[in-house]
Amino acid sequence: MAKIIVVTSGKGGVGKTTSSAAISTGLALNGHKTVVIDFDVGLRNLDLILNCERRVVFDFVQVLNKEATLKQALIKDKRCENLHILAASQTRDKDALTKEGVGEVLDELSKEFDYIICDSPAGIEHGALMALYFADEAIIVTNPEVSSVRDSDRIIGILQSRSRKAEAGETVKEHLLVTRYNPVRVEKGEMLSVEDVEEILAVPLLGVIPESESVIRNSNQGTPVILDEKSDAGLAYKDMVSRLLGEQVDYRFLEAEKKGFLKRMFGG
Amino acid sequence: MTSNAFALKSQMIPLTVIEFTSNDEQAFEQQIAQKVATSPALFDRMPAILGLDELEPVTESLVQKLLFIIRKNNILPIALRGSDTLQSLAQKLDLAWIPPGRKKLQKQAQKAKASIEANESSEKSGEGIENTPSPKIEEAVASTPTEQLELSSPEASSVEDTPEAPPADSRSSEVLIQNTHIPAKVISTPVRSGQQIYAKDTDLIILSQVGQGAEVIADGNIHIYGTLRGRAIAGASGNQQARIFCQSLQAELVSIAGIYKVSDDLPSDQLGQSCQVGLKENNLHIDTL
């Protein structure tokens with residue numbers, strides 16, 4: 001049985017798709033058969049970030065409607081043989097997703113894969129609900145700013161009340177992923193610190209991804225940032241995937257560079 | 001197939017019993033008015049049962065007088081409780097009849113003892129209000145009387161102490177409020193933005209935090225063992241004695257019995273502090289714990 005992990009946030013533009021691409025690539029690099037599904041029907045992006053936009057023939061909605069088989073729709077990643085992508089339909093909207101249909105597709109994928117990563121659309125509407133409904137675990141992507149944190153709190157509440165696990169009286173295991181973290185701005189008091197976010201959300205931390213130009217560069221090139229060995233964000237994603245797999249990895253990039261001594265003196 | 005137009009369900013609903021310990025209707029009139037004045041909202045159109053088990057003799061004129069007083073105080077009498085001789089009276093008054101409560105024997109024993117001490121000369125007067133609610137909301141499994149609050153007026157104990165006093169002076173009033181216990185609602189996970197928790201007719205205990213945009217409501221008190229960033233509304237059905245306790249006050253709004261303060265109105269020196277919020281003379285009062 002595959003483990004179903006939803007990557008969600010409530011708020012848009014915080015890095016769900018980037019994170020989904022990085023996490024699924026990371027899991028695949030670690031030897032796990034992984035499929036990543038784009039639930040953002042109508043606004044598909046994941047294929048761009050994974051550089052497979054020119055190879056999308058059939059999509060998720062067509063599989064749901066039985067217009068195509070899963071085999072036809074799954075796109076195999078060129079860089080990483082354990083990774084498969086199920087693209088969203090660009091011409092449809094979220095209403096095309098039904099609980100029964102999504103459940104069937106996930107059941108079928110479960111037989112073959114170790115991990116199913118669901119890339120949730122923003123919001124708390126139907127699309128996001130479909131993405132999180134079947135999740136065993138959830139990665140909550142949050143930027144260190146108040147509106148993102150509040151929206152994350154909202155989506156966690158929904159996870160705990162409206163997911164399949166919640167309906168069965170179980171809990172969805174939650175992980176906090178803080179993205180676009182800028183230690184310099186945190187020190188200036190312009191950004192919430194990781195500790196603040198953790199305290200407000202009360203969800204165990206899984207990773208902190210520093211704000212980095214390499215993320216946008218890699219996205220534009222269609223390379224998951226986790227494959228960029230020179231990028232601090234890529235390294236942070238790697239650490240995060242290791243933690244997701246149960247390893248103990250120390251946190252990096254949490255403090256501003258060249259300020260170690262002063263930080264210890266004044267920052268606490 | 002036609003669907004059923006109704007279903008018969010047996011349901012346990014909390015009701016208040018006004019337990020009479022004396023047939024002195026003047027003392028009752030005075031004391032019930034005082035009692036109602038403490039929280040008018042609570043008594044407004046409150047259904048009540050007249051517990052007449054202990055009164056002897058129960059005459060029609062007495063019951064009529066008591067009913068008049070009760071109705072005057074905006075309480076809604078729905079039934080008479082007592083010996084089966086009351087059946088016909090209840091029917092005549094268009095009220096339900098309920099057989100004597102199970103506490104009768106116990107009370108009788110007490111009364112006997114008291115009357116011996118009182119040299120059987122002093123007439124015991126006063127009234128008791130007894131709440132005998134039962135389990136009602138679906139989750140409330142069982143109910144046992146746990147709380148006995150005695151609100152006695154100064155002369156309350158005089159009956160035993162001054163057995164020789166003339167009857168008129170030895171009137172005792174003893175208000176027995178017996179709340180049947182509804183278990184508090186306990187939430188052990190964080191209350192998230194957009195979530196709303198309501199503890200009906202009871203206290204709400206939250207063993208975690210209440211996030212911004214979350215709302216916690218209780219008819220009783222609210223205890224939050226964590227940070228309160230959302231809204232907390234205690235005494236939602238008018239209980240002015242309700243309080244809110246939290247370990248760190250960062251609330252968007254706190255309200256007791258409809259009187260509220262928003263975040264901007266909270267004293268800045270108490271923000272982030274462990275606090276209790278209560279009502280004092282119709283004003284929200286926040287005390288650091």
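Convention: sequence-line order gives letters A, B, ...; per-chain numbering from 1. Bear in mind that the values here come from a model prediction, so they are computed numbers and not experimental data.
Pairing each heavy atom of A:Asp153 with each of B:Val191, the nearest pair is OD2-O, 4.3 Å. The minimum heavy-atom distance between B:Gln209 and A:Ala202, with the atom names listed, is NE2-CB, 3.4 Å.
Of the atoms belonging to A:Glu199, heavy atoms from both backbone and side chain fall under 4.5 Å from chain B.
Within residues 226-244 of chain B, the residues that have a heavy atom under 4.5 Å from a heavy atom of chain A are B:Thr227, B:Arg229, listed by number.
Side chain of B:Arg192 to backbone of A:Leu201: a donor-acceptor contact under 3.5 angstrom is found.
For CZ of A:Arg162, the number of neighbouring non-hydrogen atoms (other residues, nucleotides, ligands) closer than 6.0 Å is 12 at most. Residue B:Lys261 qualifies as enclosed at atom NZ: its count of foreign heavy atoms under 6.0 Å is above 12. Within a 6.0 Å sphere centred on CD1 of A:Ile216, other residues, nucleotides and ligands contribute 12 heavy atoms or fewer.
Note that CD1 of A:Ile200 and CD of B:Gln212 are 7.5 Å apart. Values are rounded to the nearest 0.5 Å. A:Ile156 contributes atom CD1, which lies 10.0 Å from atom OG of B:Ser193 (distance to the nearest 0.5 angstrom).
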